[in-house]
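Everything numeric here is computed off the predicted structure, so don't read it as measured data. When a ligand or atom number is given, it counts from 1 through the structure's own listing order.
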Amino acid sequence: MTDVINGNAIAESVREGLSACVDTFSEAGVVPGLATVLVGEDPASETYVSMKQRDCEEMGLNGVHVALDADAPPGELYDVIEDLNADPEIHGYLVQDPVPEQIDYREVLRRIDPAKDVDGFHPENVGRLVAGNPRFKPCTPHGVQKLLAAREVNPEGKDVTIVGRSSIVGKPLANLLLQKAQGGNATVTVCHSRTENIDEKTRGADIVVAAVGVPEFVDSSMLSEGAIVIDVGVNRVEADTEKGYELVGDVEYEGAAEKASAITPVPGGVGPMTRTMLLYNTVKAASQQEDVAVDLP
Ligand code: GUN
C-alpha cells in the first residue's frame with residue numbers, strides 16, 4: 001500500500017509544539033509578531049497571505065498585514081520595510097513574491113533585517129544556509145525535511161533528485177539535504193530546464209521532489225518502483241468548478257501513487273507544512289529577539 005503522506009496531520013503536530021512555545025512567551029508577556037507585505041493584487045498571492053494571517057490568528061500570534069497598491073513606487077515599500085525593521089512588536093516579516101515590475105525583489109530582500117527575515121531569503125541568511133549554519137531554514141524546504149522525518153525517512157546516504165532550481169525551493173532544499181546534519185547527508189541532484197534526460201535522474205532516485213511549477217510534469221514513467229515522491233507544486237488549472245480552477249501538483253498523482261511507496265497529495269501535502277514552518281520561524285525569531293528560551297518542535 002502506498003503511504004499517502006498527510007501534511008495536514010503532520011503540520012498539526014508541529015503546531016501543537018509551537019502552541020506550547022506561544023504559552024511560554026505569554027508567561028513572559030510577549031506575543032510573537034508576524035507581518036506580511038503584499039504589493040498589488042495577484043490573486044494567488046492574496047490567497048497565500050490571507051492564509052498566513054489566518055494561521056497567526058489561530059496560533060495566537062500578532063499578525064499584521066500591509067497592502068500596497070500595484071503601482072506603489074519602490075520608496076513606499078522601502079519605508080514600510082524600514083518601519084517593520086524598527087518595530088519591536090514585529091519579530092518576523094516577509095514581502096510576498098512576485099512583486100510588480102517597478103520593484104527589484106533582490107533590493108527588497110537586502111533591506112530586510114536578516115534577524116526578521118523569516119523566509120530565509122536575505123543574502124546573509126542564504127549564505128548561512130549554504131555554509132551549514134542556518135538562522136532560518138526556508139519554509140518549504142524545512143517543511144519537506146519535517147515531512148520526511150515524520151515518516152522516519154532518513155535522507156542520509158539516499159539519492160534525492162529535485163526537479164526545479166528556484167531560490168524558494170530547489171536551491172535551499174538541495175542545501176538543506178546536503179548538510180552534514182540530522183535530516184541531511186543525502187546525495188542530491190538538482191534538475192532544471194537545461195538538464196538532459198531528466199527522467200534518468202528521477203528514475204535513479206530514492207526520493208524525488210517535484211518543484212518545477214509545471215502541472216503534472218513528473219509522471220510514473222520517471223519514477224522507480226518504491227520511490228518516495230514529494231510534490232511541492234501548486235498549479236491553478238482551469239476546471240469546471242465553482243472557482244473556475246482546481247489545484248494540481250507537479251506530479252501526475254494517480255500514476256505516481258501506484259508506483260511510489262509514499263507520496264504527498266496536492267492539496268494537503270507540502271502546503272500546510274510550508275505555512276507551519278513560517279510560524280516556526282516567527283517563534284524562533286521572537287525567541288532570539290526577546291531572549292525567551294522555547295522548546296521548538
Ligand atoms: N511566493 C511564493 N512563495 C513564497 C514564499 O515562501 N515567500 C514569499 N515571500 N513569497 C512567496
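Scanning the protein for heavy atoms near atom 10 (N) of ligand 1, the closest one is Asp97 N, 2.9 Å. Among protein heavy atoms, atom 3 (N) of ligand 1 sits closest to Ile168 CD1, 3.9 Å. The nearest protein atom to atom 7 (N) of ligand 1, hydrogens excluded, is given as Asp119 OD2, 3.0 Å; this is a heavy-atom distance. Nearest protein heavy-atom neighbour of atom 11 (C) of ligand 1: Gln96 NE2, 3.3 Å.
One finds a salt bridge joining Arg15 and Asp55 here, because a Lys/Arg side-chain nitrogen approaches an Asp/Glu carboxylate oxygen to under 4.0 Å. Look at Arg110 and Glu107 and you find a salt bridge, because one of the NZ, NE, NH1 or NH2 atoms lies within 4.0 Å of a carboxylate O, short of that distance.
With 3.5 Å as the limit, one finds no donor-acceptor pair spanning the side chains of Asp113 and Tyr93.
At least one side-chain heavy atom of Arg151 sits less than 4.5 Å from a side-chain heavy atom of Asp3. Side-chain atoms of Pro73 and Gln102, non-hydrogen and from C-beta on, never get closer than 4.5 Å to each other. Looking at heavy atoms from C-beta onward, Met59 lies out of side-chain contact with Pro32 at the 4.5 angstrom threshold. Considering only heavy atoms from C-beta on, Pro297 comes within 4.5 Å of Tyr280 through its side chain.
At a heavy-atom distance under 4.0 Å, no atom of Tyr93 approaches ligand 1. The residue Tyr48 has no part lying near ligand 1, judged by heavy-atom distances below 4.0 Å.
Residue contacts with ligand 1: Val95 is placed with a nitrogen or oxygen under 3.5 Å of a nitrogen or oxygen of the ligand (distance criterion only). For ligand 1, none of its N or O atoms has an N or O atom of Lys52 under 3.5 Å away.
Those atoms of ligand 1 that come under 4.0 Å of a heavy atom in Tyr105, given as number and element, are 9 (N).
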